[in-house]
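This report concerns only the one structure given below.
Sequential numbering from 1 along the given sequence is applied to the chain's residues.
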Amino acid sequence: MKYIIKSNEVGLLFKKQVFKKVLTVGEYTYVLKSRKVIIVNKKIALENNGIEVKTLANNKVLLNKITSIQVKENEVAFHFIDGLFFELLTAGTYSFFNDTYAHTFTIVDTKDIYIPDSIDISVLESLIYHDNYRKIICSYVVEEGFIGILKVNGKFGKLLGPGKYYFFTNINVINVKYIDTRNQVLQISGQELLTKDKVTLRMNFVLSYKITDSLKAATTLDHYEEQLYLFMQLALREYVSTKTLDELLAEKHEIGKIILDTVKPKENDFGAIFMEAGLKDIILPGEIKDILNTILLAEKKAQANVITRREETASTRSLLNTAKIMDENETLYKLKELEYLERICDKVGNISFSSSGGIIEQLNELIKVSKK
């Protein structure tokens, strides 16, 4: 059988399963079945080729060219070749030829979930996407505006600011809960509430808040937003139950401030600050809406009647004043008379006059104008 040994390889000749010699770069042919050559890539551990180092113990020179490492349980070894990361080694014994490549190792205890800073991020990135290492190393990303709550085996670990984090997970359960620390808005929509005078109405309310204690929000309150929603709902319901419909409508622009002042003392319980609150709208039942529309229509009609009467009075007073002035001034009366005659003439096609009497007198007779 022909064997070809490349520059990055070494051949190990065995005769009847006993190691005999090292084969360097070249081409070899053996016809005896009792001889077997195992070709080893110098980047790969001997154990991966089914070779145990102890079988090479009869060749001291060869053993000096081999570097061995033992990785214990709950440990991993970062394997570097000529300073470049090559692979991650789990528990076991590994042996490498060191005459061509420089094999170095960084052994890390995985009982500690935190990966040493000495391991470059590019190395970790290459591992988390590798199928063989996903159960050993995981990563989490905390976005800007969020805080990460790290839990290890169900217990609080630490707070994580924005960034990307890597952890060992082979013997630990790692979980990260994200808390939004940006300004947030809670919508309380379509709440059916009963007023003091037994009117059922619906309200849409809004609360603006910001979480300031991420740990309290994550560890002391289950379903944070649901609990905050329920708390605001009860506060709104309690307030409405003490007011009549007329009172609510009269102070609707103040309801947000009143509710905000009511819930402010509970900020510490939620690890947040309540910044603003406001009533978006009040939705009344159909029959109540019809009644209010009728009342509004009646009020507007009454206002219109008052305005009409006021204008009629002012107009009458003006006519009276004009009449008094004309009665006291004959010339003004004549001018007013001529003004009206001018208007009449604008509307008449033909006017006939007789030779008897003046024109003004005949026009006066025509329109039956007389001054008493």
Side-chain angles (χ1 to χ4, degrees), residues 4-12 14 36-56 62-63 65-143 148-155 157-158 160 162-178:
I4 298 176
I5 312 299
K6 299 177 183 177
S7 59
N8 64 334
E9 296 175 336
V10 65
L12 302 178
F14 290 84
K36 179 182 178 182
V37 175
I38 298 178
I39 299 176
V40 177
N41 186 326
K42 293 183 179 181
K43 290 184 176 181
I44 306 300
L46 293 173
E47 289 77 7
N48 290 352
N49 293 279
I51 300 172
E52 295 184 10
V53 175
K54 63 183 180 181
T55 63
L56 310 178
L62 179 62
L63 289 178
K65 296 181 179 181
I66 294 176
T67 297
S68 295
I69 180 176
Q70 185 175 13
V71 183
K72 300 177 182 178
E73 291 291 338
N74 301 325
E75 289 183 340
V76 293
F78 291 85
H79 178 201
F80 298 87
I81 298 178
D82 292 340
L84 299 177
F85 175 73
F86 183 68
E87 62 182 339
L88 186 69
L89 304 176
T90 55
T93 300
Y94 304 88
S95 304
F96 303 89
F97 281 99
N98 59 19
D99 58 335
T100 302
Y101 302 106
H103 297 271
T104 56
F105 310 90
T106 300
I107 299 178
V108 180
D109 188 348
T110 59
K111 292 194 293 294
D112 183 357
I113 66 169
Y114 302 105
I115 299 175
D117 294 337
S118 59
I119 305 301
D120 192 84
I121 291 178
S122 61
V123 172
L124 301 176
E125 279 293 300
S126 66
L127 292 174
I128 61 175
Y129 298 109
H130 197 290
D131 292 339
N132 294 335
Y133 306 131
R134 284 179 180 175
K135 293 183 178 180
I136 299 175
I137 294 177
C138 69
S139 69
Y140 290 91
V141 175
V142 181
E143 299 288 348
I149 308 297
L150 173 64
K151 289 187 176 182
V152 182
N153 299 324
K155 296 180 180 180
K158 64 184 294 188
L160 305 176
K164 190 167 187 177
Y165 300 86
Y166 303 86
F167 306 100
F168 287 121
T169 61
N170 56 326
I171 63 172
N172 295 294
V173 178
I174 306 296
N175 179 263
V176 175
K177 183 175 182 179
Y178 302 100

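Taking the six-membered ring where tryptophan is involved, the planes of Phe85 and Phe80 are perpendicular, since the angle between them exceeds 60° and thus also 30°. In this structure, Phe105 and His103 have parallel ring planes: the angle between them is below the 30° cut-off, well short of the 60° mark.
The main-chain N or O of Val141 is found under 3.5 Å from a side-chain atom of Tyr178 such that the two form a donor-acceptor pair. A donor-acceptor distance shorter than 3.5 angstrom exists from the side chain of Asn41 to the backbone of Lys43, with no hydrogens or angles considered. For the pair Asp109 (side chain) and Lys111 (backbone), a donor-acceptor distance under 3.5 Å is present. Judged by distance alone, the side chain of Thr169 and the main-chain N or O of Lys135 form a donor-acceptor pair under 3.5 Å.
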Requested in this report: Output, in order, the C-alpha distance, side-chain angles, deciding distance and verdict of side chain to side chain contact (heavy atoms under 4.5 Å, CB included) for Phe167 and Val152.
Outcome: CA-CA 10 Å; Phe167 306 100; Val152 182; over 6 Å; no
Query - Residues Leu12, Leu62; criterion side chain to side chain contact (heavy atoms under 4.5 Å, CB included); working and verdict - result: CA-CA 10 Å; Leu12 302 178; Leu62 179 62; 4.2 Å; yes
Report task. Using the side chain to side chain contact (heavy atoms under 4.5 Å, CB included) rule, take Phe168 and Val108 through it: C-alpha gap first, then chi angles, then the decisive distance, then the call. Result -> CA-CA 10 Å; Phe168 287 121; Val108 180; 3.4 Å; yes
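Between Ile107 and Ala77, the shortest heavy-atom distance links the atoms CG1-CB, 4.1 Å. The two residues Val142 and Gly148 have their closest heavy-atom pair at CG1-N, 3.8 Å. When all heavy atoms of Cys138 and Ile128 are compared, the closest pair comes out as C-CG2, 4.3 Å. The heavy-atom pair separating Ile39 from Asn49 by the smallest distance is O-OD1, 3.9 Å. The nearest pair of heavy atoms linking Glu87 to Tyr133 is CB-OH, 4.1 Å. Across every non-hydrogen atom of Ser139 and Lys164, the tightest pair is OG-CE, 3.7 Å.
With respect to Tyr166, the side chain to side chain contact (heavy atoms under 4.5 Å, CB included) criterion is satisfied by exactly one of Leu127, Leu124, Ile113: Leu124. When each of Asn74, Thr90, Thr110 is tested with Asn170 by the rule side-chain hydrogen bond (donor to acceptor under 3.5 Å, both in side chains), just one qualifies, namely Thr110. Paired with Ile115 under the rule side chain to side chain contact (heavy atoms under 4.5 Å, CB included), one option of Ile137, Val123, Val76 passes, and it is Ile137.
Proximity of Ile174 to Tyr140: side-chain heavy atoms (C-beta onward) are separated by under 4.5 Å at one or more points. Contact of the Val40 side chain with the Leu46 side chain is registered, since non-hydrogen atoms from C-beta on lie closer than 4.5 Å. Taking 4.5 Å as the limit, some side-chain heavy atom of Phe86 sits within range of a side-chain heavy atom of Ile44. Side-chain atoms of Ile66 and Phe97, non-hydrogen and from C-beta on, do get closer than 4.5 Å to each other. Proximity of Val53 to Thr93: side-chain heavy atoms (C-beta onward) are nowhere separated by under 4.5 Å.
For Asn48, there are no side chain to side chain donor-acceptor pair (under 3.5 Å) partners two or more places apart in sequence or in a different chain. Lys65 pairs by the side chain to side chain donor-acceptor pair (under 3.5 Å) definition with nothing, not counting sequence neighbours.
The structure places OG1 of Thr67 at 9.0 Å from CZ of Phe96, a figure rounded to the nearest 0.5 Å. For the atom pair Glu125 CD and Asp120 CG, the distance stands at 10.5 Å (nearest 0.5 Å). Annotation: the span from Asn98 atom CG to Ile81 atom CD1 amounts to 12.0 Å, rounded to 0.5 Å. Atom-to-atom distance recorded for Lys42:NZ and Glu9:CD is 9.5 Å, nearest 0.5 angstrom. Atom-to-atom distance recorded for Ile136:CD1 and Leu88:CG is 5.5 Å, nearest 0.5 angstrom. Interatomic distance, Leu89 CG to Phe78 CZ, rounded to the nearest 0.5 Å: 10.0 Å.
Heavy atoms of other residues, nucleotides or ligands lying less than 6.0 angstrom from CG of Asp117 number 12 at most. Residue Lys6 qualifies as open at atom NZ: its count of foreign heavy atoms under 6.0 Å is 12 or below.
Screening residues 66-79 for salt bridge (charged side-chain N to carboxylate O under 4.0 Å, His left out) gives no qualifying pairs among residues at least two apart or on separate chains.
Aromatic rings from Tyr94 and His79 are positioned such that their centres are separated by 6.0 Å or more.
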